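Below is one structure; the comments refer to it alone.
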Amino acid sequence: MNILAAERAVLDRTLPGFDDWLAKLGQAAAEDPDSQVIEEFRKAGGGNLLIPSRFGGKGLSCLEGVRLQRAVGSRAPSLAVATTMHHYKVAWLAQVLDGGEADDVLGDIVSQRHLVASCGAEGRSGKQLFAPGIEVSPGEGGLLISGTKRPCSLVRSMGLLTLLAPGPQGSPYAGQLLIVMVPADAPGLTWEPLWANRVLRAAQTDAVLLNRVHVPDHRIVPLGDPERSLPRLNSLMLLFLPLITAAYLGIATGQVERLFLEGRGAAVDRLAALGPLETASAAVEALAREVDSGPHDEMLLGRMLLVRYTAQRAIAEATDRVLELLGGMSFVTSGDNVDLLAASRALAFHPPAESAMRERMDDWLNGGGLTLV
């Protein structure tokens, strides 16, 4: 099979044997919420892949990360979606942390093989993308954090929780936007069930509750004035968007691969199903190369959003065709095909949603500025 050959080569090179293990496990088992697929990924060192080598990680580029996530998505959709939340955040932390602070945080993540849960965006309609949604107050030697963050992936496997928070009045961080890093075993940090959908159940996406959780100063990174922090937040999105888009393209490509393996439909049908996904993936890879080379500017972000939203339509077209070509008996005797189709469509729900960005994108394409918040 030449389908996904380049992508699986990255997975084989960085986590030898893991792709074979996922293939033997099968998608149904990988998507079981009680599966150990995330823990096996963690133990294999999967969380270290996008951390630069100077901190002990594998140092994969954004381009390699895109190929990695597409390969994982084709075998284990929930794993691909959940680990994207880790990968983009640790890659971004490597950019924004300075000196010994970076060595301390990222070195600890590598040595302990921690997975990082990222709670940055609000999951409610009408909320701003980076609205913190929590209460922060001064505390001795740091800050006290209270509130609920939902949704948040990797809640049962995380070693570290990261979130954006406003610096409270009366603290050294007043008026600043902060990155706050909370150990998963911190007193006052708990989680509760949230995910009720039957698809992507193994991503461990639930709600995180914080009740006056103390975060010491050495786990707080000031980003400065919120308005002046926008370039850094744009850089964060430029790591998130290609990786999450690739994960869902992988989910869809894994479904199309079945058509080839099982000889479903005519050659023209199979090519028509795969073509839009390969086109979208090529566009994501091209932009990932630009992320690797820089600069991380507004133009790149706008083009990345256009590609992401186009990928959503390519996924819909491809997976609709797959469901039809697999046939009625496949539909009648198993819900797996429908579940995978639904899972592949969830890209539309990750921020920033197309519905929220249409007017802003139109203004930008007409010569205005591009804002996410």
Side-chain angles (χ1 to χ4, degrees), residues 85 88-109 116-124 126-152 158-191 207-240 296-298 301 351-352 356 360 369-373:
M85 306 309 168
Y88 90 91
K89 184 54 70 72
V90 295
W92 187 64
L93 288 174
Q95 294 179 5
V96 300
L97 296 178
D98 297 319
E101 183 179 68
D103 293 332
D104 184 23
V105 174
L106 293 169
D108 186 54
I109 290 171
V116 176
S118 177
C119 292
E122 290 295 304
R124 288 172 288 172
K127 291 291 183 179
Q128 288 189 344
L129 177 58
F130 297 109
I134 55 174
E135 297 180 1
V136 187
S137 58
E140 185 176 351
L143 297 173
L144 297 173
I145 311 289
S146 295
T148 303
K149 297 298 295 183
R150 60 168 77 91
C152 187
M158 65 181 178
L160 192 69
L161 172 72
T162 68
L163 49 86
L164 294 172
Q169 295 300 317
S171 77
Y173 309 107
Q176 300 188 70
L177 185 63
L178 312 173
I179 305 172
V180 177
M181 293 172 281
V182 188
D185 59 358
L189 190 156
T190 57
W191 67 273
V208 174
L209 286 65
L210 302 107
N211 181 18
R212 294 183 61 81
V213 175
H214 181 262
V215 182
D217 288 320
H218 70 276
R219 286 291 182 261
I220 300 169
V221 181
L223 295 178
D225 180 89
E227 292 297 324
R228 295 182 181 180
S229 299
L230 289 179
R232 280 183 165 179
L233 296 180
N234 287 350
S235 180
L236 174 67
M237 292 305 298
L238 280 169
L239 290 166
F240 172 71
H296 293 181
D297 57 15
E298 184 181 282
L301 178 60
R360 295 174 186 179
L370 179 62
T371 60
L372 298 179
V373 295

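The model shown is predicted, which means the values in this text are computed figures rather than measured ones.
- The two residues Val215 and Val182 make their nearest non-hydrogen contact at CG2-CG2, 3.8 Å.
- When atom types are taken as modelled, the side chain of Trp92 and the backbone of Arg232 share a donor-acceptor pair closer than 3.5 angstrom.
- In this structure the side chain of Lys89 never reaches within 4.5 angstrom of the side chain of Phe240, judged on heavy atoms.
- Side-chain contact between Leu161 and Lys149 is absent, with no heavy-atom pair separated by less than 4.5 Å.
- Minimum interatomic distance between Ser118 and Cys152 (heavy atoms only, all atoms of both residues): O-SG, 4.1 Å.
- No donor-acceptor distance shorter than 3.5 angstrom exists from the side chain of His214 to the backbone of Ala186, with no hydrogens or angles considered.
- Proximity of Ile179 to Leu164: side-chain heavy atoms (C-beta onward) are separated by under 4.5 Å at one or more points.
- Residues that satisfy the side-chain hydrogen bond (donor to acceptor under 3.5 Å, both in side chains) test with Glu135, not counting sequence neighbours, are absent from this structure.
- Closest approach of Ser171 to Leu143, counting heavy atoms only: CB-CD2, 4.0 Å.
- Of the possible donor and acceptor atoms, one in the side chain of Ser146 sits under 3.5 Å from a partner among the backbone N and O of Arg212.
- Residues Val213 and Leu189 share a closest heavy-atom pair of CG2-N, 3.7 Å.
- When side chains are defined from C-beta on, Asp108 does not count as touching Leu160, because their heavy atoms never get closer than 4.5 Å.
- At least one donor-acceptor pair closer than 3.5 Å links the side chain of Glu298 to the backbone N or O of Leu370.
- Asp297 and Leu238 get closest at one heavy-atom pair: O-CD1, 4.2 Å.
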Pair Val208-Leu163, side-chain contact (heavy atoms from CB on, under 4.5 Å): steps then yes or no: CA-CA 11 Å; Val208 174; Leu163 49 86; over 6 Å; no
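- For the side-chain contact (heavy atoms from CB on, under 4.5 Å) test, residues two or more places apart in sequence or in another chain that qualify with Gln169 are Ala174.
- The closest side-chain heavy-atom distance from Met181 to Val221 is below 4.5 Å.
- Heavy atoms only, all atoms of each residue included: Val180 and Ala165 are closest at CG2-CB, 3.8 Å.
- The side-chain hydrogen bond (donor to acceptor under 3.5 Å, both in side chains) pairs that include a residue from residues 216-226 are Asp104-Arg219, Tyr173-Asp217, where partners are two or more places apart or lie in different chains.
- To the nearest 0.5 angstrom, Ile145 atom CD1 is 5.0 Å from Ile134 atom CD1.
- Within the 4.5 Å cutoff, no side-chain heavy atoms of Asn234 are placed close to those of His296.
- Remark: Tyr88 OH to Leu93 CG distance equals 10.0 Å, nearest 0.5 Å.
- Between Met237 and Pro352, the closest side-chain pair of non-hydrogen atoms falls below 4.5 Å.
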